[in-house]
Amino acid sequence: MQYFEPVETTAFVLRPADPDATVDCGFAPDAVAVSPEGEAVWGALSFTGAPVTGVRYWVAPERRGKRLASAMLRAASPVIFDAGATRLEARPPVRDQAAIRAAMGAGLRPDGGVSRGAAWDGTEALTLGLLPGDGTGPAPRVLPDLPGGTLSDGVIALRPLVPGDFASHLRHRSSPDVYAGAALPLPPSAAEAREVCEWRAAVDWLRGRSALMAIDDGEGYQGTIGLYDVARIVGTGMIGYDLRAAVRGRGYATRAVNLVRRWAFREVGLDRVWAGTDLHNTASQAVLRRAGFRLEGVERGGLPTLAGRRRDTLVWAVLSSD
């Protein structure tokens, strides 16, 4: 990119790449971030297209974990916009959480959804964009990260799903007594369960769509709980949960609901959290009562059935003021 001008920061210098130099970044860079002394190449950027300009970025292994990618993108974006770009767009692989977080740290917002085969490595991509008036970041988050990475009451801990949960998650969600209570009462395929654990749960969290967590009692995965359908404008969200049969009756579900309820009110900023239960699921109803939820009524035809009919559900809710 011929119009790229050098940018000096206190930590590095972002300058046009030398076309005769070799940078082991997997692409031909337009700009490189070098040490203040100008000797070591710490990172690289490439740009394509106009007025929507795509950006790809790379950080040298020894410089990772220092938020350099976000800093490079923040330094480069004014130059790109001054050159006439109307949007800066990144499409990192959905499995590269560090790359997604780096883009969001520079203000790029996950506004384009997941696109098949659109990432720079040919896999699924999350599209993020930055407009000239968006500022330098970080991008606003509907669902913040858990404080310290977990929510705990000393007995159970809630944490984001990780790839290592795949086998337990698939086995759990394949149990008829678990998937019978799902919105669509079907077990997941192995590919679907792997996708959730490897990247979809994490990406949906960053996009603000849902926060799916594993319930862990110190012995590993014991089920899940999630905050879904978050609507910040009206301050509401839905909670859903399930437990392995072997640990039911220990109060884990009530503890998990209480942890998510407090997080939703204090950290997410919601005013109302609601849940739906099957008319005959008295165990789940008891969990919600113990967690302070009140029965509000019957939602007629709230969920589908495999037979094509609709089934009624009970609606429960708790307010931040309760």
Check the pair T277, W316 against side chain to side chain donor-acceptor pair (under 3.5 Å), reporting the backbone distance first and the verdict last.
CA-CA 8 Å; T277 66; W316 306 74; 3.1 Å; yes
Report the C-alpha separation of L227 and L270 in whole Å, then their side-chain angles, then the decisive distance to 0.1 Å, and conclude whether the side chain to side chain contact (heavy atoms under 4.5 Å, CB included) test is met.
CA-CA 11 Å; L227 185 65; L270 302 185; 4.2 Å; yes
Determine, stepwise, if the pair W199 / V114 fulfils side chain to side chain contact (heavy atoms under 4.5 Å, CB included).
CA-CA 11 Å; W199 65 266; V114 174; 4.1 Å; yes
Evaluation steps, side chain to side chain contact (heavy atoms under 4.5 Å, CB included), between W263 and L158
CA-CA 11 Å; W263 178 69; L158 308 181; over 6 Å; no
With side chain to side chain contact (heavy atoms under 4.5 Å, CB included) as the criterion, how do L314 and L288 come out once you've worked through the C-alpha distance, each side chain's angles and the decisive distance to 0.1 Å?
CA-CA 11 Å; L314 296 179; L288 294 171; over 6 Å; no
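By the criterion of side-chain heavy atoms lying less than 4.5 angstrom apart, applied directly or through intervening Ile, Leu, Val, Met, Phe, Trp or Tyr residues, W120 is not grouped with V52; the two fall into different hydrophobic clusters. V268 and F293 fall within a single hydrophobic cluster, where Ile, Leu, Val, Met, Phe, Trp and Tyr side chains are chained together by heavy-atom contacts under 4.5 Å. Both L108 and F81 are part of a single hydrophobic cluster, where members link through side-chain heavy atoms under 4.5 Å apart. By the criterion of side-chain heavy atoms lying less than 4.5 angstrom apart, applied directly or through intervening Ile, Leu, Val, Met, Phe, Trp or Tyr residues, L186 is not grouped with V178; the two fall into different hydrophobic clusters. Using a 4.5 Å cut-off between side-chain heavy atoms of Ile, Leu, Val, Met, Phe, Trp and Tyr, with links allowed through other members, V318 and V315 fall into different hydrophobic clusters.
Side-chain atoms of N258 and R255 form no donor-acceptor pair, as typed in the model, at a separation below 3.5 Å. At a cut-off of 3.5 Å, with distance as the only test, a side-chain donor of T224 or R173 sits close to an acceptor on the other residue. For the residue pair S46/D30, the side-chain donor-acceptor check at 3.5 Å is not satisfied.
Among residues two or more places apart in sequence or in another chain, the ring-ring contact (aromatic ring centres under 6.0 Å, His included) test is passed with Y221 by H169, H172. The side chain to side chain contact (heavy atoms under 4.5 Å, CB included) check on R290 picks up T254, A286, V287, with sequence neighbours excluded.
Residues I215 and D242 come closest through the heavy atom pair CD1-O, 4.0 Å. Residues Y57 and A102 come closest through the heavy atom pair CE1-CB, 4.3 Å. When all heavy atoms of A75 and V7 are compared, the closest pair comes out as O-CG2, 3.9 Å. When every heavy atom of Y241 is checked against every heavy atom of A253, the shortest pair comes out as CD1-CB, 4.4 Å. Across all their heavy atoms, V230 and G208 have their closest contact at CB-O, 4.5 Å. G43 and L68 make their closest contact through N-CD2, 4.4 Å (heavy atoms, listed as atom of the first residue, atom of the second, distance).
Between the side chain of W205 and the main chain of P144, a donor-acceptor pair closer than 3.5 Å is present. A distance-only check finds a donor-acceptor pair linking the side chain of D312 to the backbone of G301 [under 3.5 Å]. When atom types are taken as modelled, the side chain of R232 and the backbone of V142 share a donor-acceptor pair closer than 3.5 angstrom. For D96 (side chain) and P93 (main-chain N/O), no donor-acceptor pair under 3.5 Å exists by modelled atom type. Within the 3.5 Å criterion, the main-chain N or O of V59 finds a donor-acceptor partner in the side chain of R64. Not a single donor-acceptor pair under 3.5 Å links the side chain of Y252 to the backbone N or O of V155. Between the side chain of Q285 and the main chain of L279, a donor-acceptor pair closer than 3.5 Å is present. Side-chain atoms of R74 come within 3.5 Å of backbone atoms of G105 as a donor-acceptor pair (strictly under, hydrogens ignored).
Proximity of W58 to V23: side-chain heavy atoms (C-beta onward) are separated by under 4.5 Å at one or more points. Between I239 and I225 the shortest side-chain heavy-atom distance falls below 4.5 Å. Between F265 and L319 the shortest side-chain heavy-atom distance does not fall below 4.5 Å. Residues L14 and L45 form a side-chain contact, since some pair of their non-hydrogen atoms from C-beta on lies under 4.5 Å apart. Side chains of R207 and L143 form no contact here, defined as non-hydrogen atoms less than 4.5 Å apart. V247 has its side chain out of reach of E219: every pair of non-hydrogen atoms, C-beta onward, lies at least 4.5 Å apart. The closest side-chain heavy-atom distance from D165 to R159 is below 4.5 Å. The closest side-chain heavy-atom distance from M213 to L146 is below 4.5 Å.
For CZ of R266, the number of neighbouring non-hydrogen atoms (other residues, nucleotides, ligands) closer than 6.0 Å is 12 at most. Atom CZ of R63 has more than 12 heavy atoms from other residues, nucleotides or ligands within 6.0 Å.
Ion pairing of R248 with D177 is present here, as a side-chain N (NZ or NE/NH1/NH2) and a carboxylate O approach within less than 4.0 Å. Contact check on R101 versus D145 returns a salt bridge, with a Lys/Arg side-chain nitrogen under 4.0 Å from an Asp/Glu carboxylate oxygen. Between D111 and R87 there is a salt bridge, with a side-chain nitrogen of the basic residue lying less than 4.0 Å from a carboxylate oxygen of the acidic one. Looking at E296 and R272, a side-chain N of the basic residue comes within less than 4.0 Å of a carboxylate O on the acidic one, giving a salt bridge.
Distance CD/E8 to CZ/R15: 10.5 Å, rounded to 0.5 Å. With rounding to the nearest 0.5 Å, the separation of CD in E124 from CZ in R91 is 13.5 Å. For the atom pair CD of E89 and CG of L131, the computed distance is 10.0 Å after rounding to the nearest 0.5 Å. Rounded to the nearest 0.5 angstrom, R244 CZ and S168 OG are separated by 7.5 Å. Note that SG of C197 is 8.0 Å distant from CG of L212, once rounded to the nearest 0.5 Å. Taking CE of M238 as the reference point, atom OH of Y228 lies at 6.5 Å (rounded to 0.5 Å).
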